[in-house]
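Counting from 1, the numbers follow the sequence of the chain as shown. Please read all numbers here as calculations on a predicted model, not as lab measurements.
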Amino acid sequence: MSVKLRNIISATLNELYPGNKLNLQGLLQIKQNKDKYELKLPLKLVKNSFASTDILNHIKNPHIESIKVDTQEISFLISNDSIKKSFSNATDVSICNESKKFIVEFSSPNIAKPFHVGHLRSTIIGNFLSNLLQRVNHRVIKMNYLGDYGTQFGFLKAGIDMENLSDEKIKENPLQNLLRVYVAANTSEDPCVAEKARKIFEIMEFGENAEIIEQWNKIREYTLNELKLIYERLNVIYDSYEFESMYRRKNIEDVISLMQEMKLLERETDEKIIVKVENRRVPFIKSDSTTLYLTRDIAAFLKRKEKYEMDRIFYVVDNGQNDHFTAIKSVVNQLGFDSDSFIHHIKFGRIKGMSTRKGKIVFLKDILDEAKELMYKKQQESKTTKVDLSQCGESIADILGTSAIIVNDLKQRRQRDYEFDWNKILQVTGDTGIKFQYTHCRLYSLQNQNSHIQEAEELNFDLLKEQEAQQLIFLILKYPEIIYHSYEELESCILVKYTFDLCNVVSRAWKVLSVKNCECKETASQRLYLFNTTRKVLKHSLDILGLKVLNEM
C-alpha cells in the first residue's frame with residue numbers, strides 16, 4: 001500500500017491525538033475485503049479513544065472512500081485508483097520522511113588471518129541492515145573496521161623474524177603463511193618472543209620504525225586483497241575501510257587529553273590508567289602507556305562523529321561483546337553525548353556446528369567453496385538446468401551456494417544461536433535461498449518467452465479474479481508494511497518469511513494463470529503485468545537481503 005497514503009493517515013491521527021506518541025504508520029495493516037482493500041488500525045494497540053467525527057473531518061483524501069470507527073478498529077476503505085497507483089509503485093518503500101546519516105560497522109576481521117566463520121554473521125547481517133536502511137531513505141556508510149593493531153601484530157612480526165619469512169614467501173600464500181608464523185610465535189615457550197612482541201607494539205604506538213611500518217603496510221595490503229575476494233562472493237561492497245592503527249596512541253593524544261581534563265581517567269598504583277564504568281574500574285591505558293581496544297573505540301567514535309557528522313553508528317557484533325559496548329556507552333555518556341541516540345549495538349547469536357561435511361572446522365572460504373561444489377554437482381544432475389555449465393556453471397553454482405548460506409542465516413531470529421546443517425541449507429526444494437533464485441529465474445523467463453505480449457499499464461481487477469492472482473496482489477501491496485516492520489525491529493527474518501510466502505504463491509499462480517496459452521489478449525496482458533511486478537518486488541527484496549540475483553540457472 002502506498003507509503004504516501006500511510007504517512008497522511010498516521011500524521012493526521014498523531015496530530016489529532018498527540019498523546020499516543022506512536023508511529024501509527026507501522027500499526028496500519030492492509031486487509032482484503034472481497035474485491036476491496038482497507039487499511040486498518042487495531043485500537044488495542046493505541047491508548048486513546050478515537051472519535052469518528054474528528055477523523056472524518058480531518059482526513060479528507062480522494063484515495064479514501066470511507067472511514068469506519070468502532071470499538072475494535074479504525075478502517076480506511078481505499079479507492080481502486082489508489083490501489084492501482086500503489087501497485088505500479090510496488091517497490092517504493094521510502095517509509096522514513098527524514099533522511100539521516102548512519103554508519104554501519106560490520107564484519108571487522110583481523111588482518112593476517114583467514115576470514116573465519118565467526119565473522120560470517122556480522123558480515124551477512126551488517127550488509128542486510130545497510131541495504132535496508134538505504135532503501136527506507138537513509139544515507140548509509142558501510143564501514144569495515146579491521147583489526148591490524150595491538151600486541152597481535154608484535155607476535156606476527158616476531159614470528160616472521162623467527163622463521164625468516166621473506167616477502168616472496170608471504171606472497172605465495174599470504175594468509176596461511178602469516179597465520180602459521182603468528183601461531184608459532186604466540187605459542188612459543190621462549191619468554192623472549194613475548195617480550196619482543198610487546199616491544200614491537202610499543203614502537204608502533206609511539207614512534208616510526210620504517211622497516212616495521214613498511215612490513216605492516218604490506219601485510220595489511222595482502223590481507224585486504226584476500227578479504228575483498230570473499231566480500232565479492234558475499235555481494236558486499238564497503239564505502240570505507242578503517243583500521244585500528246588509525247587510532248594508535250600517537251594519533252589520539254587529543255582524546256586522552258580531553259578525558260584527563262574532564263577528570264574521567266584515574267591512575268592506579270601500577271601506573272595503569274582506568275575509567276569508571278558504572279561500578280567497575282575498566283583499564284583504559286596499560287601500565288606501559290599503550291592503548292587498549294576500548295581506548296581506540298572511544299577515539300574512533302569521536303573522530304567519526306566529527307568527520308562524518310553521523311546521526312548514529314550501528315555496531316554489528318555478537319552477543320558476547322555486550323560488556324564492551326556497555327563500557328563504550330558509559331564513557332560516551334561521560335563525555336557529554338547521549339549514547340542511546342548515537343550508538344546501537346546490533347547483537348546476534350552464534351552459529352553452532354559450522355564445519356565441512358567431514359566435520360573439520362574451517363575458514364569461510366572453505367565453506368563457500370564446498371557450497372559451490374555441491375551446487376555445481378546438483379546442476380550437472382538436474383534435467384532443468386538452463387545454462388551452459390561449461391561457460392558459467394561454476395560462477396552460477398557459487399552464487400547459488402552463497403545464496404543458500406546467506407538466506408539460511410537471515411531467516412533466523414538475529415539474537416538466537418542456530419545449528420548449521422548442510423542438508424537443510426542446500427536443498428533444492430523447501431524454504432532455502434535456492435527457492436528465491438529459482439522463482440526469480442522462472443519469472444524472468446516468463447517475461448522473455450512472452451515478449452510479443454503487450455504488458456498492461458495498470459491493474460484491471462475484473463480480469464484478475466482468480467484466488468492466486470488476488471493473493472499476489474495482496475502480498476505486493478503489503479510489501480511496504482513488511483519493510484516497515486523489518487526496519488522497526490531490525491530483523492531480517494520478517495522479510496525472509498514474506499519472500500518465501502511470495503515465492504510459494506507464485507508457484508501456485510504459475511499453474512493457474514497461464515500467459516502463453518491464455519485465449520483472451522487483455523487477460524494475458526494483465527497476468528504478465530502481475531508476474532512482472534511480482535518479479536520486481538522479489539528482486540527488490542533479494543537486493544536488500546544481499547543476494548546476487550540470477551536470471552538463469
Requested in this report: Ignoring hydrogens and angles, tell me if any N or O in the side chain of Gln412 forms a donor-acceptor pair with the backbone of Asn408 under 3.5 Å.
Outcome: yes
Query raised in the report: Does Lys303 NZ have over 12 foreign heavy atoms under 6.0 Å away?
Result: yes
Query raised in the report: Is Arg508 salt-bridged to Glu468, cutoff N-O under 4.0 Å?
Result: no
**Report entry** Side chains of Ser130 and Phe314 in contact at under 4.5 Å (non-hydrogen atoms)
**Finding:** no
Query raised in the report: When the aromatic ring centroids of Phe102 and His344 are compared, is their separation below 6.0 Å?
Result: no
Requested in this report: Please say whether the positively charged group of Arg304, taken as NZ for Lys or CZ for Arg, lies over the ring of Tyr145, i.e. under 6.0 angstrom from the six-membered ring centre and within 45 degrees of the axis.
Outcome: yes
Report summary line: Paired with Lys36, the side-chain contact (heavy atoms from CB on, under 4.5 Å) test is passed by just one of Asn80, Ile78, Ile83, namely Asn80
**Report entry** Lys85, NZ: over 12 other non-hydrogen atoms inside 6.0 angstrom
**Finding:** no
Query raised in the report: Checking Lys228 against Tyr241: charged group under 6.0 Å from the ring centre and within 45 degrees of the axis?
Result: yes
Query raised in the report: Without hydrogens or angle criteria, can the side chains of Ser108 and Tyr315 be said to hold a donor-acceptor pair below 3.5 Å?
Result: no
Requested in this report: Using the salt bridge (Lys or Arg N to Asp or Glu O under 4.0 Å) rule, collect all pairs that involve residues 116-129, keeping only residues at least two apart or in two chains.
Outcome: Arg121-Asp409
**Report entry** Ser122 (side chain) donor-acceptor with His119 (main chain) under 3.5 angstrom
**Finding:** no
Report task. Would you indicate whether the side-chain heavy atoms of Ser339 and Phe325 approach each other to under 4.5 Å? Result -> no
Query - Output field: ring centroids Tyr487/His138 closer than 6.0 Å - result: yes
Query raised in the report: Can you tell me if Glu491 uses its side chain to pair, donor with acceptor, with the backbone of Arg414 under 3.5 Å?
Result: yes
Query raised in the report: Any side-chain heavy atom of Asp431 within less than 4.5 Å of one from Asn504?
Result: yes
Query - Aromatic plane relationship, Phe420 with Trp422 - under 30° parallel, 30 to 60° tilted, over 60° perpendicular - result: perpendicular
Query raised in the report: Any side-chain donor-acceptor pair under 3.5 Å between Tyr247 and Glu242?
Result: yes
Requested in this report: Would you confirm whether Ser10, through its side chain, and Asn7, through its main-chain N or O, come within 3.5 Å as a donor-acceptor pair?
Outcome: yes
Query - Crowding at NZ, Lys424 (>12 non-hydrogen neighbours, <6.0 Å) - result: no
Query raised in the report: Do Glu455 and Asn532 get their side chains close enough for a donor-acceptor pair, meaning under 3.5 Å?
Result: yes
